[in-house]
Amino acid sequence: MTSDAKQTTLLDRGDVRVSHDAGIGATIRSSIDKVRSGDLGSLPVVVGLVIIWTVFGTLNPTFLSSNNLANLLFDASTVGVISLGIVCVLMVGEIDLSVGSISGFASAMVGMLWVNQGWPVAIAIIAAITVGGLIGSLYALLFNRLGMPSFVSTLAGLLAVLGMQLYLLGATGSINLPYGSPLVNFGQLLVIPRPLAYVLALLPGVVMLVSGYRAGQRRRQANLSSRSIGALVVRVALITILLEFVVFYLNQDRGIPWMFALFVALAIVMNYALTRTQWGRSMAAVGGNREAARRAGINVRLIYTSAFVLCAMFAALGGVLAAARLASASQQAGTGDVNLNAIAAAVIGGTSLFGGRGSAYSALLGIIVIQSIASGLTMLDLSSALRYMITGAVLAIAVIVDSLARRSRVSHGRA
């Protein structure tokens with residue numbers, strides 16, 4: 001009897017055979033079967049990220065220095081937060097083209113209320129995020145009540161909100177935020193204390209171990225197959241070692257930015273909401289088949305509203321972080337490639353353009369890919385034209401992979 005067979009106990013119940021404890025070998029085979037059937041998860045983007053870092057690290061060793069990676073995390077956080085909102089609307093099969101304008105408008109609101117009007121910075125930030133939510137609710141109203149396609153409503157919103165941003169900034173076109181203020185320090189300087197960073201790197205492994213063990217217990221009590229304790233411990237150990245090494249490496253210089261920690265925390269909360277709550281399951285159901293979700297009793301209009309509102313609020317928060325990063329709110333905030341990068345990050349990270357499939361971690365992985373390309377090309381002193389072309393190529397590859405994986409899932413009955 002093999003070791004895998006020893007770890008697997010089968011109960012015969014009529015014609016049903018239930019595996020109580022799948023061993024490490026069985027877990028690996030199950031993962032391979034998922035990949036073959038088109039359930040790729042984050043594998044393509046992780047492989048792509050390894051290739052990108054290997055190429056740029058070989059061409060310029062400074063690219064992989066802890067200082068440059070810390071700067072990369074600072075820069076990735078602002079658009080990454082915006083991309084979290086894009087994940088929400090893509091999950092329900094819609095799009096928001098105005099996130100860049102909303103982020104710029106939010107930065108202008110903070111500058112106007114805080115610097116020009118003398119409001120407390122916290123109240124100014126809350127006001128900006130609230131207005132972002134109101135804009136999202138307007139998109140939801142147009143979509144739910146009037147049937148206006150989100151492509152059209154958000155495109156109109158892009159222009160209207162951009163005009164509001166220019167109006168707030170006035171003739172000067174920019175508002176400088178006070179240097180040395182807590183907000184600017186948060187966006188430019190503050191990093192997690194080294195001992196705390198090591199402790200925080202342990203938390204994901206602890207949570208995975210506890211939740212995985214409890215889930216395994218529940219499945220065994222229901223006579224369903226479950227991952228073996230050994231496989232769970234190995235996975236947790238590998239992830240913990242990787243995270244501790246990342247912390248150790250980044251602590252060689254500046255450390256891990258608090259702004260990136262906020263981004264990761266938001267991604268964790270959103271991932272929990274999308275995967276472990278009724279709301280998240282409803283999001284996937286509506287994106288997969290709207291009519292079937294409605295017939296199942298899901299409040300489809302409410303789900304669409306929540307997606308648009310969250311997207312706009314995340315865009316506003318991203319604009320506030322961008323203002324903190326640049327220590328100013330200007331006419332250029334939210335313009336340029338902010339829109340495209342936010343959308344591309346979600347898609348490159350693995351969120352499906354067809355709706356129904358996605359993860360908050362898509363935004364995290366995708367924006368690191370995009371920011372790595374930008375940082376690497378900048379360090380090689382190459383033109384921004386090449387950056388756009390490479391990012392476009394990566395986006396096209398991601399969509400092709402998503403389309404092929406979707407076909408494979410359909411053919412294997414996993415769609």
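Small disclaimer: the values here were computed from a predicted structure and weren't measured. Only this structure's heavy atoms are used, side chains among them; waters, hydrogens and symmetry mates stay out.
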Using the side chain to side chain contact (heavy atoms under 4.5 Å, CB included) rule, take I239 and R235 through it: C-alpha gap first, then chi angles, then the decisive distance, then the call.
CA-CA 6 Å; I239 291 177; R235 184 184 183 194; 4.1 Å; yes
The test is side chain to side chain contact (heavy atoms under 4.5 Å, CB included); show your working for V87 and L274 and say whether it passes.
CA-CA 10 Å; V87 170; L274 290 172; 4.3 Å; yes
Side chain to side chain contact (heavy atoms under 4.5 Å, CB included) evaluation trace for L169 with M112:
CA-CA 7 Å; L169 293 173; M112 185 269 293; over 6 Å; no
Derivation of the side chain to side chain contact (heavy atoms under 4.5 Å, CB included) call for S352 and L90
CA-CA 7 Å; S352 176; L90 289 182; over 6 Å; no
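The heavy-atom pair separating S328 from N176 by the smallest distance is CB-OD1, 3.8 Å. When all heavy atoms of V184 and P178 are compared, the closest pair comes out as CG2-O, 3.4 Å. Smallest separation of non-hydrogen atoms from V92 and Y304: O-CE2, 3.6 Å. When all heavy atoms of A316 and A128 are compared, the pair lying nearest together is CB-O, 3.7 Å. Between A363 and G80, the shortest heavy-atom contact is CB-O, 4.0 Å. In terms of heavy-atom proximity, L84 sits nearest to A360 at CD2-O, 3.5 Å.
For S83 (side chain) and A342 (main-chain N/O), a donor-acceptor pair under 3.5 Å exists by modelled atom type. Judged purely by atom type and a 3.5 angstrom limit, N144 uses its side chain to pair as donor or acceptor with the backbone of R301.
For Y198, the OH atom is densely surrounded, since the number of other residues' heavy atoms within 6.0 Å is greater than 12. Within a 6.0 Å sphere centred on OH of Y167, other residues, nucleotides and ligands contribute 12 heavy atoms or fewer.
A donor-acceptor contact under 3.5 angstrom links the side chains of R254 and N71, judged on distance only. A donor-acceptor contact under 3.5 angstrom links the side chains of S362 and T351, judged on distance only. Side-chain contact annotation: S65 with D253, donor-acceptor N/O pair under 3.5 Å absent.
Side-chain contact between I82 and F314 is absent, with no heavy atoms from C-beta onward closer than 4.5 Å. Considering only heavy atoms from C-beta on, V191 stays 4.5 Å or farther from F260 through its side chain. Looking only at side-chain heavy atoms (C-beta outward), I86 and V347 stay at 4.5 Å or farther from each other. Taking 4.5 Å as the limit, every side-chain heavy atom of R281 sits out of range of all side-chain heavy atoms of I298. Annotation: side chain of Y213 is not in contact with side chain of V233 (no heavy-atom distance under 4.5 Å). At a threshold of 4.5 Å between non-hydrogen side-chain atoms, the residues S372 and F63 count as touching. Using a 4.5 Å cut-off on side-chain heavy atoms (C-beta onward), Q165 and M109 make no contact. Residues L113 and I123 have side chains not in contact (no heavy-atom distance under 4.5 Å, counting atoms from C-beta outward).
Among residues two or more places apart in sequence or in another chain, the salt bridge (charged side-chain N to carboxylate O under 4.0 Å, His left out) test is passed with D337 by R387. By the side chain to side chain contact (heavy atoms under 4.5 Å, CB included) test, A284 is found to be paired with M91, residues two or more places apart in sequence or in another chain being considered. M259 pairs by the side chain to side chain contact (heavy atoms under 4.5 Å, CB included) definition with F74, S77, T78, F186, L321, R325, not counting sequence neighbours. For I192, the side chain to side chain contact (heavy atoms under 4.5 Å, CB included) criterion is met by L196, A197, L200, I256, W258, A261, not counting sequence neighbours. For I125, the side chain to side chain contact (heavy atoms under 4.5 Å, CB included) test picks out V110, V121, I129, L183, V320, with sequence neighbours left out. F308 pairs by the ring-ring contact (aromatic ring centres under 6.0 Å, His included) definition with F143, not counting sequence neighbours. S375 meets the side chain to side chain donor-acceptor pair (under 3.5 Å) test with N68; sequence neighbours excluded. Looking at residues two or more places apart in sequence or on another chain, you find no salt bridge (charged side-chain N to carboxylate O under 4.0 Å, His left out) involving R194.
Note that the CE atom of M283 and the OG1 atom of T277 stand 9.0 Å from one another [nearest 0.5 Å]. Atom CG of L159 is separated from atom CG of L97 by 10.5 Å, given to the nearest 0.5 angstrom. Here CD1 of I367 is found 11.0 Å from CG of L365. Values are rounded to the nearest 0.5 Å. Between the CD1 atom of I373 and the CG atom of L49 there is a distance of 9.5 Å, given to the nearest 0.5 Å. How far CG of L64 is from CH2 of W53: 7.0 Å, rounded to the nearest 0.5 Å. Interatomic distance, T154 OG1 to N339 CG, rounded to the nearest 0.5 Å: 8.5 Å.
Between R294 and the options V300, N299, V286, I303, a side-chain contact (heavy atoms from CB on, under 4.5 Å) holds for only V300.
Residue pairs meeting the side chain to side chain donor-acceptor pair (under 3.5 Å) criterion with at least one member in residues 54-64, sequence neighbours excluded: N60-T62. A salt bridge (charged side-chain N to carboxylate O under 4.0 Å, His left out) check over residues 154-170, counting only residues at least two apart or in different chains, returns nothing. Within the structure, side chain to side chain donor-acceptor pair (under 3.5 Å) contacts touching residues 94-122 (residues at least two apart or in different chains) are E94-S150, D96-S98, S98-Y139. Residue pairs meeting the ring-ring contact (aromatic ring centres under 6.0 Å, His included) criterion with at least one partner in residues 316-348, sequence neighbours excluded, are absent.
In this structure, F245 and Y249 have parallel ring planes: the angle between them is below the 30° cut-off, well short of the 60° mark.
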